[in-house]
Amino acid sequence: MNCERLLFRFEGSCEMAVEDKAQKLETMRHSASHVMAEAVKSIFPDAKFGIGPAIEDGFYYDFELPRPLAVEDLPSIEAKMAEIIAADQPFKREEINSKAAIKLFNGQPYKIELIKDLGEEQISIYTNGEFTDLCRGPHVKSTKEIKAFKLTSVAGAYWRGDEKRPMLQRIYGVAFDSRADLDAYLKKIEEAAKRDHRKLGKELDLFSLHEEAGPGLVYWHPKGATVRQLIEDFWKIEHRRRGYDIVYSPHIAKVHLWEISGHWNFYRENMYSPMEIDGIEYVVKPMNCPFHILMYKTQMRSYRNLPMRYAELGTVYRYERSGVLHGLARVRGFTQDDAHIFCRPDQIESEVKDVVELAQFMLKSFGFSEYEMMLSTRPEKYVGEVKEWDMATDALRNVLEKLKIQYKVDPGEGVFYGPKIDIKLKDALGRLWQGPTIQVDFQMPERFDVNYIGEDGQEHRTVMIHRTVLGSMERFFACLAEHYAGAFPAWLAPIQVVIIPIADRHGDYAEKLFKDLRSKDVRVQLDDRSERMNLKIREAQLNKIPYMLIVGDKEMESGAVSVRLRTGEDLGAQSFADFEKRVKAVVESRTLDQL
RNA sequence: GCCAGCGUAGCUCAGUGGUAGAGCAGCUGUUUCGUAAACAGCUGGUCGUCAGUUCGACUCUGACCGCUGGCUCCA
């Protein structure tokens, strides 16, 4: 047997083992949810049960209870669960017909609804101890196989995810194979909370939000604004290189414009209330598309000039419901890195491909390697013809397939005017946030009568591609801050270098260095306070400033600087010229992990 | 918007039915110091807002606003 085959077999079995282990964990987590339900039943005999699946890292169960739960209730439920686990109750599977099941679940309206919706003759039920549940399974053999768990939170959740149906109480828990795994997980969550962008925003003086001025409206402080400007500069250069034209458009427009686009009809609730100007109603823009269309339409466009790509860092306002606001990740006023590509139908695929590649390039440039690609298809409420939708969806799918990108399909999650590819970024706690999006649209061109003159001299309908490659500056910045825990790569760091004179007599030398670096566009700060060097280092460290230059008698004599990195590494003395070279190289290469 | 929790100095937090404290930050002074916090003094809050209960509320009740975790939503 040759090595290659051996290796292949080894990999194969390895993968299998991983899959197997994940499966076992999921089963155990699902069983844990039954155990929790049993515990809840013993405490609240009148509880009505919803559903209780396994989820990533754990499980939940939804209940209707006689009183609201608080986190304080969790320990007693956990204690009861521990008893059940210790009792080593076996899980028993039975198959019964649906009539018998409906009888069995008498007094459990949610279960009965589920049974009826299943519409099957035979259904399976699982029993452990005092608790019997409608369940497809599988489960562990007995409760003792649930090794380590913890209940984490209580929350409200609509029955079947429908806000018109009753809200049940959901208890979330996590479960692992061992105490050590559970502890490691809890530790990870604790660490992740420390890099929450809202916390970093305060600690590093990056941005603020103000209750008195309105929720969801962002104030970018100098340091946050610096990072944003650097991202925007990079974005602009990259767009020009790739054939985009940068444009600007107004912040308000007549309601009529959104009546044409269809947004008024579909999204009026999410737009800021109209204001009357000269007897005509205007709204603040919730998106930039109609503006770009108006610009496109100022001339006759030839097929020779397509595609045309209008890009704009466009600030938009959307009325988001109060409960969904979240730091910079979900706000009411935000700046999209928007662009609209006007092209011919035969150009769709290649344009989409370029956009996908641009998005990947942008994410990679900022150090994001973990993200999810989703293909969202035609929703229930849509405009246009199914034929066009299919064409647009195929174009998106083809690109994903050709680029060999792993993606998931989100059925019915497209925009009312077209299907889209979404890229979701992860925050510190592993929550996914919609980032870049690419939407193929035949509808806006139809509504706004957007055309080009073809080779045949006739008018043809232009196709639009709406896209962002970062998402919004706010959300992208939030994810970026969390990704680096506030220690931005040197090229993005709001302050790159801090100069720390040891005593006042080193001030002049320090100032000379400061002016020199500043004249070379290094973002440098001089810390000439009458404080001890130790304090200045500590503060620079807490501010995650990449380079600290310590200058005292030794350095002053030889025209040197002592370099300390924010990693804690002390590089010792080197010539100032060498240091400048080093910083220049690191910043210009936009390297992400080197100082 | 819905469910639950929370809201005390710039920040992190303690506290009680009888009109509030700590550390850090800030200010003033002393210190001039070699790789993560020098020392001393001082300033600072109508305890989220508005009502109600009470002789008296920051503390109890209600409404509202905001935040946190979920749910729903996210053009």
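Scope of the values below: all heavy atoms of this structure, side chains included, with no hydrogens, waters or symmetry mates. Every chain is numbered from 1, with letters handed out A, B, ... down the list of sequences.
- Regarding A/Arg321, its CZ atom lies at a distance of 15 Å from the P atom of B/C65, rounded to whole Å.
- Contacts classified as salt bridge (Lys or Arg N to Asp or Glu O under 4.0 Å) and involving residues 197-208 of chain A (residues at least two apart or in different chains) are given here: A/Asp196-A/Arg198, A/Lys199-A/Glu203.
- Ion pairing between A/Glu191 and A/Lys194 holds under the 4.0 Å rule for side-chain N and carboxylate O.
- For A/Tyr272, there are no ring-ring contact (aromatic ring centres under 6.0 Å, His included) partners, not counting sequence neighbours.
- In summary, A/Arg165 and A/Glu113 engage in a salt bridge, as defined by a charged side-chain N under 4.0 Å from a carboxylate O.
- Partners of A/Asp553 under the side chain to side chain donor-acceptor pair (under 3.5 Å) rule, at least two apart in sequence or in another chain, are A/Arg505, A/His506.
- Separating the CG atom of A/Leu325 from the P atom of B/G70 is a distance of 15 Å, rounded to the nearest angstrom.
- Stem regions annotated for RNA chain B: B:1-7 with B:65-71, B:10-13 with B:21-24, B:26-30 with B:38-42, B:48-52 with B:60-64, counting only runs of 3 or more consecutive pairs of Watson-Crick or G-U type with both contacts under 3.5 Å.
- A/Asp162 comes within contact range of no nucleotide atom at all, as no heavy-atom separation falls under 4.0 Å.
- Counting only distance, with no hydrogens or angles, the side chain of A/Glu482 and the backbone of A/Ala428 share a donor-acceptor pair below 3.5 Å.
- Contacts of residues 211-225 of chain A with RNA chain B (heavy atom under 4.0 Å): A/Glu211, A/Pro215.
- With rounding to whole Å, A/Glu531 atom CD is found 12 Å from B/U30 atom C1'.
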Set out, line by line, the N/O atom pairs under 3.5 Å between protein and nucleotides 42-44 of chain B.
none

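- Checked by atom type, the side-chain pair A/Asp62/A/Trp159 shows no donor-acceptor distance below 3.5 Å.
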